[in-house]
Number of protein chains: 2
Amino acid sequence: MKESYPIPMYYRLYKQLKERIMQGYYRDGKLPTEKELCDEFSVSRMTVRKALERLVIEGLIERKKGKGTFIRKVQGEEHLTKLTGFTEEVGENKVKSKVLANKLVRVPPEAKSVFNLPDGSLVVMLKRIRYIDDTPVAVEEAYLNPAVDVRILNILEKDMSKESLYRILRKEIGISLVRADEIIEVAELSSQQAKLLNLKKGKCALLRKRYTYTSDGQCVEYVVSMYRGDKFKFRVSRS
Amino acid sequence: MKESYPIPMYYRLYKQLKERIMQGYYRDGKLPTEKELCDEFSVSRMTVRKALERLVIEGLIERKKGKGTFIRKVQGEEHLTKLTGFTEEVGENKVKSKVLANKLVRVPPEAKSVFNLPDGSLVVMLKRIRYIDDTPVAVEEAYLNPAVDVRILNILEKDMSKESLYRILRKEIGISLVRADEIIEVAELSSQQAKLLNLKKGKCALLRKRYTYTSDGQCVEYVVSMYRGDKFKFRVSRS
DNA sequence: TCTGTTTACTTGTATATATAAGTTGATTTG
DNA sequence: CAAATCAACTTATATATACAAGTAAACAGA
C-alpha cells in the first residue's frame, strides 16, 4: 500500500484490532474498554471510537452501552450474505464459468475515478462466461482495484472457473464488502457477445454495471455484466 | 445546544438532510459546508460530521477534501435509494402524465395473493403515460388495494395527471410506505405500448413490477411499468 | 502573459472535556 | 433479610479547539 505516507492513527488502530480479533488475541470474546485502549495506544477516545466504529460497521464487534465491546460469534454473516456475487446468487452447484481472460490491464475510463487511480494504472481484469445448467447466461467483465489490497493480484494465479470471486475477496484477503451501487439498463448484444452467449446479434439483454465498495468507502470492484434478457430478472428490495 | 428529545441530534440531522437530498432541496448537487450546517442547525462540527458520515456510508453523498460535499446522483438515471414514486424520482417540474384509466377493476391474478383479496374483488386501477420534458418515457399501470384504507377509493375522483400518487398515499391518507420489492426485466413493446410511447413495436424496454408495502406489512400497491429502454436506467444501492 | 506564491476555504485527523444513560456490585436502610 | 440507593464502571452524545492537507482563486513578480 502507501506505507510511506502518513496513515491515520485511527486506521492503524482499526487494522491492528482487526488483526488481533482474527488471530484470537481476545480469546474471552471481550475487547478492552475505550479507556484501556486509549492508554495502551496513547490516543484520544475519539480515535479509539473511530477505529471501533469501523469494526462495528464490518460486523466484527458489537457494543453495548454500560457493558462493553464484544466480538461477534458469527462475524458479519448477515452483512456477507446480503451482498453476493454470481455464485452465491444462483447457487454453487449449478453454476459454472469459463474464463476468457484473467490478466492485468490498464484501468478503463469508467473505473478510473471511482478507483481513484491515475491514468494508465494496472488493474486485474477477469472476464468470464457464466453458465447455469450448461447454458451460457451472462458475460461478465470484472475490474479489481489492487490499490485496496495488493493480495488482489493473487487472483491472477487462481483458477477462476471454479472459485467465487467474492469468497476470495472476503475470506482469503479479508476485505469486507459492505455496499454496491448498480446501474441496470437495456442493451443490445454485440456480435461478439452474441457469439459467446449462443444468441443472435442485436438481441435484447440486461446490462448491469456494478461498483462494489469496502467498509472504508474504497471501490474495490467494477463489473460490467451482460445477462440474457430471456433468462434473467433482477430482484430489488427497497426501503 | 441542549435538547430533551430522546432521539440524538446527529440522527435527526441525518434524517433531515436525507429528506432534503431526496426532495431535491440541494438542486445544484452540492451540500452546504460543515461550517454552514453547524450554523444552520446550531450544532457542533462533530455532530454534523456524524450525520454526513452516515450519508456517505449509504452512498448518498460523496465528500472531497478541500472541495466540499456532493450528492451522488447520476443524471438521467432514476434516483431510487428511497421509496419514491415517479414524480419524486424524476423531479416534479419536468414530469407530466396523461391518464388513460382511473377506475375500478377486478384484481389481476398477479396481485390477488399479495393483496390478500378474494377472487373478483375490486381494486383501483390507474393507467398513465409518463412524460419527461414532453417526451413519453413510460407506461404505468398501478393497482391499489382499497382494503388497506378505504380512502384509496378517493383517488378515483382525483385528477391524477398532476397529482403524485405517493403524495396522496402518504400525506392525504397517511399510509406509511416502508418497503418495496421490485422485479426488473427486459421486455419487448407490444403494439399498443409502442403506440403510446411513440416507438416501434418490438423495441426493447425495461419492465418493472413493483409491490409496495405499508409498515404493517400489507401490500398496498402493485405497479407494472414499461420504461423506454433508450431513456431509462435503474440505479440500485445494495448493502 | 505566464508562473509561482499567498490566502482563504474546504474536509480530515486528533485531543481534551463534559454530560447522559445503561450496567453492575457494594452499601445503606427499613 | 430484602429493597432501595449509591458509586463506579461502561458506551453514547456533544462541544470546543487545533492543525494538516487538498483546492481554487486572487495576487505579485518576472
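In this text, all values refer to a predicted model and were calculated from it rather than measured experimentally. Here is how names work: the chains are called A, B, and so on, in the same order as the sequence lines, proteins then strands, and each is numbered from 1.
Per the geometry, CZ belonging to A/F70 stands 16 Å off P belonging to C/dG22, to the nearest Å. When rounded to the nearest whole Å, the span between CD of A/E53 and C1' of D/dT13 equals 12 Å. When rounded to the nearest whole Å, the span between CD of B/E62 and C1' of C/dT11 equals 13 Å. Between A/Y10 atom OH and C/dT11 atom C1' there is a gap of 12 Å when expressed in whole angstrom units. For the pair B/L13 CG and D/dA12 P, the computed distance is 19 Å after rounding to whole Å. Protein atom OH of A/Y14 is 18 Å distant from nucleotide atom C1' of C/dG12, rounded to whole Å. The separation between A/R63 atom CZ and C/dA21 atom C1' is 15 Å, rounded to whole Å. Taking atom NZ of residue A/K65 and atom P of nucleotide C/dA20, one finds them 13 Å apart after rounding to whole Å.
Inspection of the A/Y11 and A/Q16 side chains reveals no N or O donor paired with an N or O acceptor under 3.5 Å. Of the N and O atoms on the side chains of B/Y166 and B/E221, at least one donor lies less than 3.5 Å from an acceptor on the other residue. For A/R63 and A/T69, the side-chain atoms include at least one donor-acceptor pair closer than 3.5 Å. If you check the side chains of B/Y222 and B/T212, you find no donor sitting under 3.5 Å from an acceptor.
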Per-nucleotide protein contact string for nucleotides 4-9 of chain C, where B marks a base within reach and S marks sugar-phosphate only (heavy atoms under 4.0 Å, - for neither) = ------
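Looking at every heavy atom in both residues, B/Y26 comes nearest to B/L37 through OH-CD2, 4.4 Å.
One finds a salt bridge joining B/D149 and B/R151 here, because a Lys/Arg side-chain nitrogen approaches an Asp/Glu carboxylate oxygen to under 4.0 Å. Here B/R210 does not pair with B/D181 in a salt bridge; the nearest charged N to carboxylate O distance is not below 4.0 Å. A salt bridge does not link A/E185 with A/R208: none of the charged nitrogens is closer than 4.0 Å to a carboxylate oxygen.
For D/dT10, the OP1/OP2 oxygens have no side-chain nitrogen or oxygen of A/T69 closer than 4.0 Å. At C/dT11, none of the side-chain N or O atoms of B/K67 fall inside 4.0 Å of OP1 or OP2 (strictly under the cut-off).
Checked against the 6.0 Å centroid criterion, the rings of B/F234 and A/F234 do not qualify as a close aromatic pair.
Heavy-atom distances under 4.0 Å link DNA chain C to A/S42, A/V43, A/S44, A/R45, A/M46, A/T47, A/K50 of residues 34-50 of chain A, given in residue order.
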